[in-house]
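Presented below is the structure to which this report refers.
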Amino acid sequence: MYTTEFEKQKKLVSTEDPEKLAAFEARVAADEFIEPKDWMPEAYRRTLTRQISQHAHSEIVGMLPEGNWISRAPSLRRKAILLAKVQDEAGHGLYLYSAAETLGTSRQEMIEALHSGKAKYSTIFNYPTLTWADIGAVGWLVDGAAIMNQVPLQRTSYGPYARAMVRVCKEESFHQRQGYEIMMVMCAGTADQKRMAQDALNRWWWPSLMMFGPSDAESVNSAQSAQWRIKLFSNDELRQRMVDQTVPQAEFLGLTVPDPDLKFNTDTGHYEFGAIDWSEFTNVLKGNGPCNKERLKTRVKAWDDGAWFREALVAYADKKAARAAA
Amino acid sequence: MSKEWPLWEVFIRSQHGLAHKHVGSLHAPDAEMAVNNARDVYTRRNEGVSIWVVRAVDIVASSPADKGMLFEPANSKVYRHPTFFPMPEEVKNL
Ligand SMILES: [Fe+2]
Ligand SMILES: [Fe+2]
C-alpha cells in the first residue's frame, strides 16, 4: 500500500528470548496495544519502522502531485479546499514520522533516507497530474485506496501507529469526497470536461489498484505481519474491496472503468477484474516511473531551500535561551 | 541542519471544562514555535481551545516493568468502589 513490500526479508532465525516472545505474542493476540517502552521483537521493530516511515514518506511526497495544482485551481473555492487537503497530508506525514520515531529511528535519519533515495514511498505518487480532472481522480481513487488501507490500521498492534491512523482517518474522508465532487462537476459539464474526467480515470485506475501492493502469492511477509497485527487484511482482499466499492461510483459518474475484463459475478457478489500489469509496478518502484526523479528533486529542493529558515529559527531560539540564562 | 530540533509532546484542551489530553508530538526549536506548530498540526479542525507543549525529555514516565508493583495493589481493594456495599432495595438515596 503506502509501503512497498518488495524488500522481502529472509526468513528470520529468531534470536529472541522465547519467553518474552511468547508473552509479546499473547498480548498481540489478545488485541492489546504495544507501547514504545514495551519489550518487542527486533523484527517487529524493524518491520514497523520501515512500514511507518514509508507511510510518512508517502504522505509527504504525496503532497507534490496535488501541490502543483494549488496555483492553477479553477476557482477560489477549489484552491482553498485543495490547500487544506494538501496541508492535511503534511499533517499525516508528521503524525507518522512521530510514531516511527518512538521506535528509535530519528526524524533526521528518516528524512535523509528519503532524500538519498534509499527509502521507498508509494509508487502512485510517481505519476503526473496532467489536468484538473486528475485532482478529482486522485482524491477519489488514491485517497479512496488510502482509506481502504488505513481504516483497519486503526486497530494495528502498535499504539502510536494506531493512534496516528485514527487521526488520519478522521481527516481522510473529506479528501475523497472533494475529489469525487470534482469528478461529478466535470462529468456534468461540457463534453470536453467529461472527456477529461474519463481520461483521468483511464490513467489513474490501474495505478490505484497497484497501490495495494503485489498479489498475496507474492507477498512473503504477510503471515508474520498478520500474526503481529501489522497487516490486518491481505493486499488482494483490500484491492477487491476497492474495486467493489469504486465501480458503482464510476457508473454513477457515467464513466467507464478502463478494464474490458471487468464483470460483476452475481454468485459471489464481487466484481471480477482483469490482470494487473505488475511489470509496470516493479518498474515504477525501481525508480523508472514518469515522475520518480522529478518528485525526489522537488522534495530535496524544498528541503534545501528551507535550510536558511530552519537555521534562523535555531539561532533565534539559542539567542533567547542565552539571554534567559544570563 | 546541524542540530536536530528537540521533541515536544503536545496536549490539547478540547473544550472548556475538560482536561488537556496528550495528542501527539512534534519537533520545534523552541517553546514558541512548538505552540505555533502544534496549532497547525493538531488543531486544524477546531480540536482545541488551549495547547500545552512539554519537552519530551522533561517527562518522567513509569516503566512498563513496574506495572505490577505500581498498579496491582489497587486490585485487591475492591471496597474502594461503592458496588462493594450492597444496599437493601427499600433504603433510598444511598
Ligand atoms: Fe493522507
Ligand atoms: Fe488524503
Side-chain angles (χ1 to χ4, degrees), chain A residues 20 23-24 27 32 34-40 83-102 106-112 115 159-161 163-164 166-168 170-171 174 303-304 306-321 324, chain B residues 1-15 18-49 51-72 75:
Chain A
K20 284 183 175 163
F24 169 87
R27 287 187 62 199
E32 280 185 40
I34 305 301
E35 296 297 339
K37 287 184 160 185
D38 294 343
W39 184 89
M40 62 186 84
L83 194 58
K85 198 255 187 206
V86 171
Q87 196 187 4
D88 274 353
E89 305 301 4
H92 297 178
L94 294 177
Y95 309 151
L96 285 158
Y97 280 133
S98 296
E101 280 177 88
T102 63
S106 75
R107 179 81 55 105
Q108 187 79 33
E109 284 172 79
M110 288 186 271
I111 290 175
E112 272 160 18
H115 292 181
Y161 191 26
R163 291 191 287 274
V166 170
R167 292 192 72 85
V168 165
K170 269 192 201 149
E171 302 180 348
F174 137 62
W303 179 256
D304 290 346
W308 70 272
F309 185 68
R310 292 192 302 276
E311 282 159 19
L313 287 174
V314 172
Y316 178 69
D318 287 349
K319 188 180 78 182
K320 263 198 318 186
Chain B
M1 190 163 66
S2 47
K3 77 177 188 196
E4 192 152 0
W5 292 352
L7 188 69
W8 301 75
E9 297 299 335
V10 181
F11 300 80
I12 305 276
R13 183 200 298 287
S14 58
Q15 281 172 45
L18 295 184
H20 285 76
K21 193 176 156 210
H22 182 243
V23 292
S25 52
L26 50 77
H27 288 272
D30 60 20
E32 190 187 342
M33 283 305 297
V35 171
N36 286 339
N37 291 350
R39 196 277 310 261
D40 289 340
V41 180
Y42 292 107
T43 66
R44 288 193 304 282
R45 287 174 177 77
N46 297 320
E47 287 97 334
V49 294
I51 298 171
W52 285 353
V53 293
V54 183
R55 272 182 191 254
V57 293
D58 290 334
I59 290 183
V60 180
S62 64
S63 146
D66 294 340
K67 206 170 107 192
M69 192 179 75
L70 290 170
F71 307 116
E72 261 163 29
N75 287 347

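Order of the sequence lines fixes the chain letters, A, B, ..., with proteins taken first and strands second; residue numbering starts at 1 for each chain. Values below: all heavy atoms of this structure, side chains included; hydrogens, waters and symmetry mates excluded.
Relative ring orientation between A:Phe24 and A:Trp39 is described as perpendicular, the plane-to-plane angle rising above 60° on a 0-90° scale split at 30° and 60°. Under the 30°/60° scheme for interplanar angles, the aromatic rings of A:Trp303 and A:His115 are found to stand perpendicular.
Note: A:Glu171 leads A:Glu171, A:Arg163, A:Glu35 in heavy-atom pairs under 4.5 Å with chain B. In terms of heavy-atom pairs under 4.5 angstrom with chain B, the leader among A:Lys320, A:Arg167, A:Gln87 is A:Arg167. In terms of heavy-atom pairs under 4.5 angstrom with chain A, the leader among B:Arg45, B:Lys67, B:Met33 is B:Arg45.
Under the 3.5 Å distance criterion, the side-chain polar atoms of A:Tyr95 are left unmatched by any main-chain donor or acceptor of B:Tyr42. Side-chain atoms of B:Glu9 do not come within 3.5 Å of backbone N or O of B:His22 as any donor-acceptor pair.
Here B:Leu18 pairs with B:Ser14, B:Gln15 under the side-chain contact (heavy atoms from CB on, under 4.5 Å) rule; sequence neighbours left out.
Interface remark: A:Ser106 contributes backbone and side-chain atoms alike to the contact with chain B (heavy atom separation under 4.5 Å). Interface residue B:Ala61: backbone and side-chain heavy atoms are both found under 4.5 Å from chain A. Both the backbone and the side chain of A:Asp88 come within less than 4.5 Å of a heavy atom in chain B.
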